[in-house]
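Below is one structure, written out as structure tokens; comments come after it.
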There are 2 protein chains.
Amino acid sequence: MKTFILFLSFSLQAFVSFSQDSDSLFINRISNQILTNGKAYDDLRVLTKQVGGRLSGSPQMVKAEKWGLKAMQDAGADKAWLQECMVPHWVRGGTDEASASYTSGDKKQVHKLDVIALGNSVGSMKPLTAPVIVVNSFDELDKRKDEVKGKIVFYNYKFVPTFIHTFGSYGDAVRYRGGGPSHAAAYGAVGVIVRSMSHSTDNNPHTGATNYVDSLAKIPAVAIGLKDADWLSSQAANGKVSVTIHTHGKFLPDTIGHNVIGELRGSEFPNEFITIGGHLDSWDPAEGAHDDGAGCVQTIELLRTFKALGYKPKRTIRFVLFANEENGGRGGAKYAEEALSKGEKHIFALESDEGGFTPRGFSATVSDSQFQKMQGWKDLLAPYGSCEWIRGGGGSDIGPLAKTQKTPLAGFMPDSQRYFDYHHARNDVFEAVNKRELELGAVNMAGLIYLVDKYGL
Amino acid sequence: MKTFILFLSFSLQAFVSFSQDSDSLFINRISNQILTNGKAYDDLRVLTKQVGGRLSGSPQMVKAEKWGLKAMQDAGADKAWLQECMVPHWVRGGTDEASASYTSGDKKQVHKLDVIALGNSVGSMKPLTAPVIVVNSFDELDKRKDEVKGKIVFYNYKFVPTFIHTFGSYGDAVRYRGGGPSHAAAYGAVGVIVRSMSHSTDNNPHTGATNYVDSLAKIPAVAIGLKDADWLSSQAANGKVSVTIHTHGKFLPDTIGHNVIGELRGSEFPNEFITIGGHLDSWDPAEGAHDDGAGCVQTIELLRTFKALGYKPKRTIRFVLFANEENGGRGGAKYAEEALSKGEKHIFALESDEGGFTPRGFSATVSDSQFQKMQGWKDLLAPYGSCEWIRGGGGSDIGPLAKTQKTPLAGFMPDSQRYFDYHHARNDVFEAVNKRELELGAVNMAGLIYLVDKYGL
């Protein structure tokens, strides 16, 4: 009996070793395929240069959906389709401008400011001029609330540099972009300037959604480049400064948008779904290269790679380019809603929405036992750059799957150091993405999807 | 007795935990100091923009040494000095040019090629024109040796894309740059073109040292941009192509160079030395930003940071900007030679010469027990980005310390994906370096040096 048990355990060990070896071999084939024949970089060039910035509701978004559907078909999806949803339709409406005027000696000076209107913000329509009040926090604003009426509030809250993961700094600062305008409006401010959500060394302003409180006045709001932010705060410390803001944003009626979906049907458990995706919409100032063209082309690359390797998944894999992540999340919500109504059992979802930078690993909102299972795969992905596995995280488009049916989620986690240099700014262009880094991201994502498909979670 | 042993082991555990906690706290202080007050980026701006490309023997190198010495003094070294050595003095001598001519139909066509002479190469002096023969390997050249006489050999060996660490591709391909000219000269070639050591998506040519065999003819040699490499090989496949090369390189007599050294004297073991460094010289086409301005400014940043934190090292720490790494290694050799002759006991050396990119970890040429000791520190550095620890590696300037007194070596290992996009090419400029990534590199390096200083190795 002892001999038999020993034999069994050796066999099991051998089987596990064999499995590990065969997984290791297959992931190596994935890597070689992508690094040698990858199409993600070429796909990104088309999406960024031929489609470009693509806000929800815009004509570019329509172009992007067409591109995405064809890309899914060309990559070899069993079936590919557009999933309709309603999306908000905000338009910038014109060129955002701002300048500061102040007196130096006898002379009135005017200093142009590099600004961009916040997404979802109301335009000033006509130029709006008012004295500026600089605050470094909501606390300070509250303390000085009696000074605010009729003024433009400039939130100069800086990205905290000591967070190693830059998303920590972003999470800490972004309340000024999201809630700053309404908080200032409550005290009678007529406009808001927000220091851009970045710690870049340039002066590019960074847009992004603001979220007005319905019961308060909706006032014009812009983000300012970091160098101009430093200039403005230092000038305002020296004496009165007036700022003129001229923006044009407004909402048009909600309109039709689409998630783009490609599918490979599972051979053993076709009713268990694995979703991998990025978001197809982007803010408008540039080309949406890192945010989130990278995630979209990586998603398509996974489909292409599995087909190229002749991989027949056990479970059904969905490759999704989500609509409307930047200002509404209607695409992610629709996807989860339809999944629920069709009784689809979504066992895992992975999103890539942190840029096409070199891989570091994954974040995962999963149970303890699921996380432990993933940890068992660490050594299979470590050679390709995945060395950090963090609890929590996922992706805003796949979040609704967790909400509606407790789907375990993961987020692809590239290195974060440069992300906020480009995020929602004019330099988020094709040239900012590195081919190798983009491809390695796809390698790691494909490896994880392969393992979840083979072993479940 | 059992109780006493239990007490002892708890105390030991508590002590170890306390030590780990206090190390963790101190490394956090290092991180906050560098990420908040770091000067490395500003230093790099000066070194790249005010000094610029700085070949051994050049006037820029003299300027760089002056800059380095002052930087060490300003950063708070107990003492700072220039350590003299002789260095080779190769000069480019003019603008490198090349073009290809071929017949298309009746018409003679001329196509300009983006080239750069290899370092240490002899110039053609007058324009050199000859038919080109394209080979993809030394093997192919050997097989076709009878076709070579009087021709220009074009080695079109490509970077192998399936290496995850790009230094693997480089190690595999660089023999064509180093040994290609002599190998071709042996068969009577009159000149050589080498596909650049890169897998970038642009057409920048990448220079770097070639190593002539003394007994063979020294023929002109250039590296060609990747797009022109593809063009040339495809054109040559269609019919005869002639190439004209015009380069001007030559050696002037060896001249005086210097290592720049800053020192913090140890309080407990002043006769045990820890060295941290980068190399101050650079190739000439750009600003030597990643290679190796980054390593130099990180080295100075460690000195500044230890002083700013009031850290008094147990051992003597040397902060060294080495001379002549790119084409001779005379600086590293001199440093080790003087250390030996002065009876200095060098217990550890760390070099940063892989660029100012986001940290991944360290490579280490150390004994098994030393490596195990370092592994014990993994969790202290992981939060700052060090997640890969590899056996082997070090740095070319600190290698002589291992040779002369078996000093354990480590190399700071940033992410390698973009390194060869800039290496020895015109785009290795200040703007290519990211402030956060540069600083995080310094954080990890400082953390490791602190631990080696505190615990020995």
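Chain A is the first sequence line, chain B the second, and so forth, proteins listed ahead of strands; every chain is numbered from 1.
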Next on the checklist: Under a 4.5 Å cutoff for heavy-atom pairs, which residue among A:E439, A:R418, A:K435 has the most contacts with chain B?
Outcome noted: A:R418
Next on the checklist: Just so I understand: if I count every heavy-atom pair under 4.5 Å between each of A:N28, A:T358, A:V160 and chain B, which residue has the most?
Outcome noted: A:T358
With rounding to the nearest 0.5 Å, note down the distance linking [atom1] in [X] to [atom2] in [Y].
X      : Y      : atom1 : atom2 : result
A:R360 : B:R360 : CZ    : CZ    : 5.0 Å
A:L35  : B:T162 : CG    : OG1   : 7.0 Å
B:Q417 : A:N434 : CD    : CG    : 7.0 Å
B:T201 : A:R436 : OG1   : CZ    : 12.5 Å

Against chain B, label [X] side chain, backbone, both or neither, depending on which of its atoms sit under 4.5 Å from a heavy atom there.
X      : answer
A:I164 : both
A:D415 : side chain
A:F357 : neither

Checklist entry - With only heavy atoms counted, which part of B:T36 is less than 4.5 Å from chain A, the side chain, the backbone, both or neither? => result both
Item to check | Toward chain A, the part of B:D421 with a non-hydrogen atom under 4.5 Å | outcome: side chain
